[in-house]
K.L.:
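First the structure, which I've put down as structure tokens, then a few questions once you've had a look.
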Amino acid sequence: MTPTPAALSHAEDLADFVAASPSSYHAAEEVARRLEAAGFVRLDETAEWPTQAGGRFVVVRDGAAIAWAVPADATATTGTRIFGAHTDSPGFKLKPQPTTGHKGWLQAGVEVYGGPLLNSWLDRELRLAGRLAMADGSVVLAATDALLRLPQLAIHLDRGANNGLSLDKQFETQPVWGLGDPGDADLLAELADAAGVNAADIRGFDAVVADAAPGAVFGKDSAFFASGRLDDLASVHAGVVALAELAATPITGDVIPVLAAFDHEELGSASRSGAAGPFLEDILERIYAGLGADISEKHRAYAASWCLSSDVGHSVHPNYAAKHDPVVQPLLGSGPILKINANQRYATDAVGAAAWADWCESVGVASQEFVSNNSVPCGSTIGPITATRLGIRTVDVGIPILSMHSARELAGVTDLHDLARVAEAFFTR
């Protein structure tokens, strides 16, 4: 399907969003920045919050952000519509004492984060990004321009490379970033310079490696969009766009729309800012306390709530079709996907599938189903975690992509826009 101007504009905006979000911490701040520009008020978790109904709010906790809009006529039993996604992506994270080197090269000491396709990080320009905890108690975000590269060994020195390349995670995944003696260099100073702070004042850091190339639309009829961190910034962006649209009109209706962008999904979500942690529950508790809900009313509200857990899934791959289910084969560019798994690796059930179909049909978006080949292990998402923690009915959805967990993934331009359209319908219908 040829993308509409609106779909192309959405993809271009996603490219800007990804460029501004090289780490989960940057992504959470970009969510807050965009929503504040749309009229949302940023709240501090240590402060008192507004108790009256009405208003739009956003909270950042480390690399996660949660935003919501409370209708003026909301009551203690008004349900929520939670659009869930995650801000982190597989890749590499800086180790302590990261300035290393060998044979005249300066290198970065990194640790593998999650389950990346290691080979995809070879021979591309990379940047560093993350947060710096300073001696004065402040925390600042930092991101360099293109700085590093993980150079592949020439085929002349590894004649079997095309028969199966395997990288040693300790010795063969340390990027180069300069020439010289490591004793005379400081990689953290590069981050400090980017943030405009003194490297000597850094007391702690959380920094990752990210692809430096911008997202790009390409292919016949501009069908494709390639970028780093589509898993899962494509969903985070769709949720932000949909929630920001609500700011254009007075907040009415019988649901409280919520965007929950969690960190650490690629590690299992077990952290204070992950879906298995308390962040979402903390926010919901305070929302319903502000609405005067007692325990019974809060649980009535939960029973009336829905969560869309949005994460990427696999498009059928033309070169590896046997890896997919032989019948259910979603195709990039043919619509968002409904993710189903018999073992509850996804939380979708029949009632959720019907609701998803209604939300898609309400905005004229075609949907596809996704299920794994029985012989290929199925991944999971924040969906089952959220359903288990809160008892809120949850549906797992997303968009089909190729090259999942690559440094640069491939999506369909129309799918990206369609997901945001369904997200808006989910928030309002």
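Here the structure is a predicted model, which is why all the values come from computation and not from measurement.
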K.L.:
I'd like to know if the side chain of Arg229 reaches the main chain of Thr87, judged simply by a donor and an acceptor atom lying under 3.5 Å from each other, with no hydrogens or angles considered.
P.N.:
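Yes; at least one donor-acceptor contact below 3.5 Å.
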
K.L.:
I need the minimum non-hydrogen distance between Gly239 and Phe427, along with the two atoms involved.
P.N.:
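In terms of heavy atoms, the two residues are closest at O-CE1, 3.9 Å.
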
K.L.:
Looking only at non-hydrogen atoms, find the nearest pair between Ala387 and Thr394 and report the distance.
P.N.:
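That closest heavy-atom pairing would be CB-OG1, 3.6 Å.
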
K.L.:
Between the side chain of Glu409 and the main-chain N/O of His405, is any donor-acceptor distance below 3.5 Å?
P.N.:
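The answer is yes, because a donor-acceptor pair under 3.5 Å joins these two groups.
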
K.L.:
Classify the ring geometry of His10 against His417: parallel below 30°, tilted from 30° to 60°, perpendicular beyond 60°.
P.N.:
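Correct class here is tilted.
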
K.L.:
Search all heavy atoms of Ala69 against all heavy atoms of Ile256 and return the closest pair with its distance.
P.N.:
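So the minimum-distance heavy-atom pair works out to O-CG2, 3.4 Å.
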
K.L.:
Between Glu245 and Val241 (side chain of the first, backbone of the second, donor and acceptor by atom type, cut-off under 3.5 Å), is there such a pair?
P.N.:
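Such a contact is absent between Glu245 side chain and Val241 backbone.
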
K.L.:
Once you measure the plane-to-plane angle for His314 and His324, does it fall in the parallel (<30°), tilted (30-60°) or perpendicular (>60°) bin?
P.N.:
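Ring orientation, 0 to 90° scale: perpendicular.
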
K.L.:
Please find the pair of heavy atoms, one from Leu233 and one from Leu14, that lie closest to each other, and give the distance.
P.N.:
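Where Leu233 meets Leu14 most closely, the heavy atoms are O-CD1, 3.9 Å.
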
K.L.:
Using a 3.5 Å distance criterion without hydrogens, assess whether the side chain of Ser372 forms a donor-acceptor pair with backbone atoms of Cys378.
P.N.:
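No; zero donor-acceptor contacts below 3.5 Å.
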
K.L.:
Using side-chain heavy atoms (C-beta onward) and a distance below 4.5 Å, is Leu167 in contact with Asn119?
P.N.:
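A side-chain contact exists here, since the closest heavy-atom pair is under 4.5 Å.
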
K.L.:
Establish, from distance only, whether the side-chain atoms of Tyr25 and Asp263 form a donor-acceptor pair under 3.5 Å.
P.N.:
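Per modelled atom types, Tyr25 and Asp263 side chains form no pair under 3.5 Å.
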
K.L.:
Using modelled atom types only, decide if a donor and an acceptor are shared between the side chain of Thr388 and the backbone of Pro384 within a distance under 3.5 Å.
P.N.:
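Confirmed, Thr388 side chain pairs with Pro384 backbone.
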
K.L.:
Given the rule in the salt bridge (Lys or Arg N to Asp or Glu O under 4.0 Å) test, do Asp16 and Arg34 qualify, once you have shown the distances and angles that lead to the verdict?
P.N.:
CA-CA 12 Å; Asp16 292 340; Arg34 286 179 172 232; 5.4 Å; no

K.L.:
Could you tell me if the side chain of Trp68 sits less than 4.5 Å from the side chain of Ile82, heavy atoms only?
P.N.:
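No - every pair of side-chain heavy atoms lies 4.5 Å or more apart.
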
K.L.:
Please examine the side chains of Ile399 and Leu416, heavy atoms only from C-beta on, and report whether any two atoms are closer than 4.5 Å.
P.N.:
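In short, these two side chains touch, coming nearer than 4.5 Å.
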
K.L.:
Within the structure provided, determine whether Pro22 and Val208 are in side-chain contact (heavy-atom separation under 4.5 Å).
P.N.:
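Result no, sub-4.5 Å side-chain heavy-atom pair not found.
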
K.L.:
Using only atom types and a distance under 3.5 Å, with no angle test, would you say the side chain of Gln368 pairs donor to acceptor with the backbone of Leu331?
P.N.:
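Checking the backbone N and O of Leu331 against the side chain of Gln368, a donor-acceptor pair under 3.5 Å is found.
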
K.L.:
Check Arg131 with Glu29, please: is the shortest side-chain N to carboxylate O separation under 4.0 Å?
P.N.:
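Judged by the 4.0 Å cut-off on N to carboxylate O distance, Glu29 and Arg131 do not form a salt bridge.
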
K.L.:
Salt bridge or not between Lys169 and Glu111? Use side-chain N to carboxylate O under 4.0 Å.
P.N.:
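No, no charged N to carboxylate O under 4.0 Å.
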
K.L.:
Ion pair present between Asp211 and Arg124, side-chain N to carboxylate O less than 4.0 angstrom?
P.N.:
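Yes, charged N to carboxylate O under 4.0 Å.
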
K.L.:
When you compare the side chain of Asn373 with that of Lys323, does any pair of heavy atoms fall below 4.5 Å?
P.N.:
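No, their side chains stay 4.5 Å or more apart.
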
K.L.:
Could you check whether Asp311 and Thr381, counting side-chain N and O atoms only, form a donor-acceptor pair closer than 3.5 Å?
P.N.:
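No, Asp311 and Thr381 have no side-chain donor paired with an acceptor closer than 3.5 Å.
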
K.L.:
Is the side chain of Ser89 donor-acceptor paired with the backbone N or O of Asp231 at a distance under 3.5 Å, no angle test?
P.N.:
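Such a contact is found between Ser89 side chain and Asp231 backbone.
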
K.L.:
Do Ser309 and Asp396 have side-chain N/O donor and acceptor atoms under 3.5 Å apart?
P.N.:
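Yes, because at least one side-chain N or O of Ser309 sits under 3.5 Å from a partner of the opposite role on Asp396.
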
K.L.:
Could you tell me whether the side chain of Ser403 and the main chain of Ser406 form a donor-acceptor pair under 3.5 Å?
P.N.:
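No, because the side chain of Ser403 does not come within donor-acceptor range (under 3.5 Å) of the backbone of Ser406.
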
K.L.:
Would you say the ring centers of Trp359 and Trp306 fall short of 6.0 Å from each other?
P.N.:
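Judged by ring-centre distance (under 6.0 Å), Trp359 and Trp306 do meet the cut-off.
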
K.L.:
Is a side-chain N or O of His264 found less than 3.5 angstrom from the main chain of Ser271, in a donor-acceptor match?
P.N.:
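Side chain of His264 to backbone of Ser271: no pair is present.
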
K.L.:
Taking the six-membered ring for Trp, are His237 and Phe17 ring centroids under 6.0 Å apart?
P.N.:
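When the ring centroids of His237 and Phe17 are compared, they turn out to be within the sub-6.0 Å range.
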
K.L.:
Would you confirm whether Ser273, through its side chain, and Ala64, through its main-chain N or O, come within 3.5 Å as a donor-acceptor pair?
P.N.:
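Judged by distance alone, no pair lies under 3.5 Å.
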
K.L.:
Do Pro151 and Asp123 touch side chain to side chain, with heavy atoms closer than 4.5 Å?
P.N.:
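Side chain of Pro151 against side chain of Asp123, heavy atoms only: contact under 4.5 Å found.
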
K.L.:
Could you check Asp294, Thr77, Thr80 and say which one makes a side-chain contact (heavy atoms from CB on, under 4.5 Å) with Tyr288?
P.N.:
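Of Asp294, Thr77, Thr80, side-chain contact (heavy atoms from CB on, under 4.5 Å) with Tyr288 is met by Thr80 alone.
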
K.L.:
Under a 3.5 Å cutoff, is there a donor and acceptor pairing between the side chains of Ser367 and Trp356?
P.N.:
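Trp356 and Ser367 do have a side-chain donor-acceptor pair below 3.5 Å.
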
K.L.:
Taking NZ, NE, NH1 and NH2 as the nitrogens, is one of them in Glu30 or Arg33 under 4.0 Å from a carboxylate oxygen of the other?
P.N.:
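Yes, Glu30 and Arg33 are salt-bridged.
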
K.L.:
So, for Phe224 and Phe218, is the gap between ring centers shorter than 6.0 Å?
P.N.:
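Under 6.0 Å, so yes.
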
K.L.:
For Glu281, which residues count as a side-chain hydrogen bond (donor to acceptor under 3.5 Å, both in side chains) partner, sequence neighbours excluded?
P.N.:
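With neighbours one apart ignored, the set is Arg389.
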
